[in-house]
Amino acid sequence: NKLSLLVCGGAGYIGSHMTRMIAEAGHDVTVFDNLSTGHAEALKWGKFVQGDLRNPEDLAKLFAENSFDAVFHFSGLIVVSESVEKPFEYYDNNVTGTLNLLQAMRKHGVNKFVFSSTAAVYGEPVMEMITEDHPLKPLNPYGRTKLQVEEILQDYAVAYGLNSVCFRYFNAAGAHPDSTIGEAHSPETHLIPNILLSCIDEGRRLKIFGSDYPTPDGTCVRDYIHILDLCDAHLKAIGFMDSNKGAHSFNLGNGKGFSILDVIKSSSEVIGREIQFDYEPARAGDSPRLVADSSKAAKTLNWTPQYADLRDIIETAYRWHKNPAY
Ligand code: UDP
């Protein structure tokens with residue numbers, strides 16, 4: 001049946017792919033975004049309402065003029081180092097903004113919520129393959145904002161019957177294979193875009209942050225997941241909440257760890273040339289290894305990643321970065 005879905009942050013990297021997937025699944029979709037980091041050029045699907053989560057009046061108007069069956073929330077500030085320097089902005093946008101959104105939902109009787117959480121809620125890893133039961137000890141304000149919202153959602157499920165699914169993303173990467181939308185952060189802090197941009201843009205040299213981590217080659221190990229696999233799980237979460245009340249959290253990853261040097265090697269194979277880089281000091285707060293056990297999402301949501309091969313993820317990203325629309 002046809003649903004009416006709200007995507008907060010639908011002009012951003014993950015939100016724009018989600019919005020498109022919802023529209024292509026035949027549902028009505030509305031994007032709410034302040035365009036602070038998102039791109040107007042990515043708004044090719046559904047209806048767009050410009051506004052800010054920190055302004056309850058924007059939300060009151062949005063919910064008064066539309067009726068939604070569920071809400072996806074991607075409007076987050078995501079740069080770890082910035083969260084250390086500007087904690088107010090992070091708590092204000094990521095926590096207060098979310099509280100405002102949940103308040104508007106309560107007022108209008110919308111009781112399904114899908115939230116972008118992060119592997120950063122786990123902090124220093126104590127498991128080889130991280131399950132959802134891993135201790136929750138974020139190392140920075142960014143991770144704390146996400147964990148606080150997860151905790152708020154637990155309380156809201158009990159008190160207000162608000163059903164929610166939090167997805168703890170490992171490393172989202174890649175782009176839509178037709179390359180009309182893709183990843184465009186400014187400044188770009190993510191590894192795969194920075195590798196590819198260093199090949200496309202002669203002036204940009206790749207930096208590897210840290211060479212003496214306790215990993216096989218000394219560089220950090222991460223679990224990369226394709227943006228469309230990530231979005232697919234989100235769409236499945238809506239049906240899941242029909243029959244599963246309460247607040248739920250799921251990891252989203254591929255369950256395979258790649259070091260920075262592994263990702264550079266795969267990128268080099270995809271692009272067909274050598275990739276130069278320099279070692280720089282480690283970034284503050286980076287975990288040596290973050291690899292997901294995503295079997296809970298796979299089993300519970302009947303979810304199977306379609307881009308499990310790292311080269312396919314890199315290849316779709318490369319197609320986008322060669323000729324980005326924005
Ligand atoms: N990284 C790097 N060079 C870059 C960007 C990232 O060496 O230009 C490293 C980063 O320090 C981390 C890994 O690549 O060890 C993944 O970083 P990213 O920012 O993509 O995701 P994170 O795991 O921090 O969310």
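Bear in mind the structure is a predicted one, so any value in this text is a computation, not a measurement.
- When the ring-ring contact (aromatic ring centres under 6.0 Å, His included) test is applied to F258, no partner is found at least two apart in sequence or on another chain.
- The salt bridge (Lys or Arg N to Asp or Glu O under 4.0 Å) analysis of residues 1-25, with sequence neighbours excluded, yields the pairs K2-D28, R20-E24, R20-D178.
- Counting Ile, Leu, Val, Met, Phe, Trp and Tyr side chains that sit under 4.5 Å apart, directly or through other members, M129 shares a hydrophobic cluster with V221, V291.
- Listed by first and then second residue, the side-chain hydrogen bond (donor to acceptor under 3.5 Å, both in side chains) pairs that reach into residues 41-55 are N34-D52, K47-N66, D52-R54, N55-D58, sequence neighbours excluded.
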Review item, side-chain donor-acceptor pairs of residues 298-308, under 3.5 Å, at least two apart:
residue	atom	partner	partner atom	Å
T300	OG1	K296	O	2.6
W303	NE1	D229	O	2.9
Q306	NE2	T304	O	3.0

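- Remark: F74 pairs with H234 by the ring-ring contact (aromatic ring centres under 6.0 Å, His included) rule, at least two apart or across chains.
- Grouped with F115 in one hydrophobic cluster are L6, F32, V49, L53, L59, L62, F63, F68, V71, Y91, V95, L99, L101, L102, M105, V110, F113, V149, I152, L153, Y156, Y160, L162, the linkage being side-chain heavy-atom contacts under 4.5 Å among Ile, Leu, Val, Met, Phe, Trp and Tyr residues.
- Legend: residues meeting ring-ring contact (aromatic ring centres under 6.0 Å, His included) with H134, ordered by chain and number and at least two apart, are Y122.
- Applying the ring-ring contact (aromatic ring centres under 6.0 Å, His included) criterion to H39, with sequence neighbours excluded, gives Y326.
- With sequence neighbours excluded, the residues that form a salt bridge (charged side-chain N to carboxylate O under 4.0 Å, His left out) with E150 are R168.
- Among residues at least two apart or in separate chains, there is no salt bridge (Lys or Arg N to Asp or Glu O under 4.0 Å) pair with a member in residues 248-264.
- Judged as a salt bridge (Lys or Arg N to Asp or Glu O under 4.0 Å), the pairs with a partner in residues 317-326 (not counting sequence neighbours) are, in order, E315-R319.
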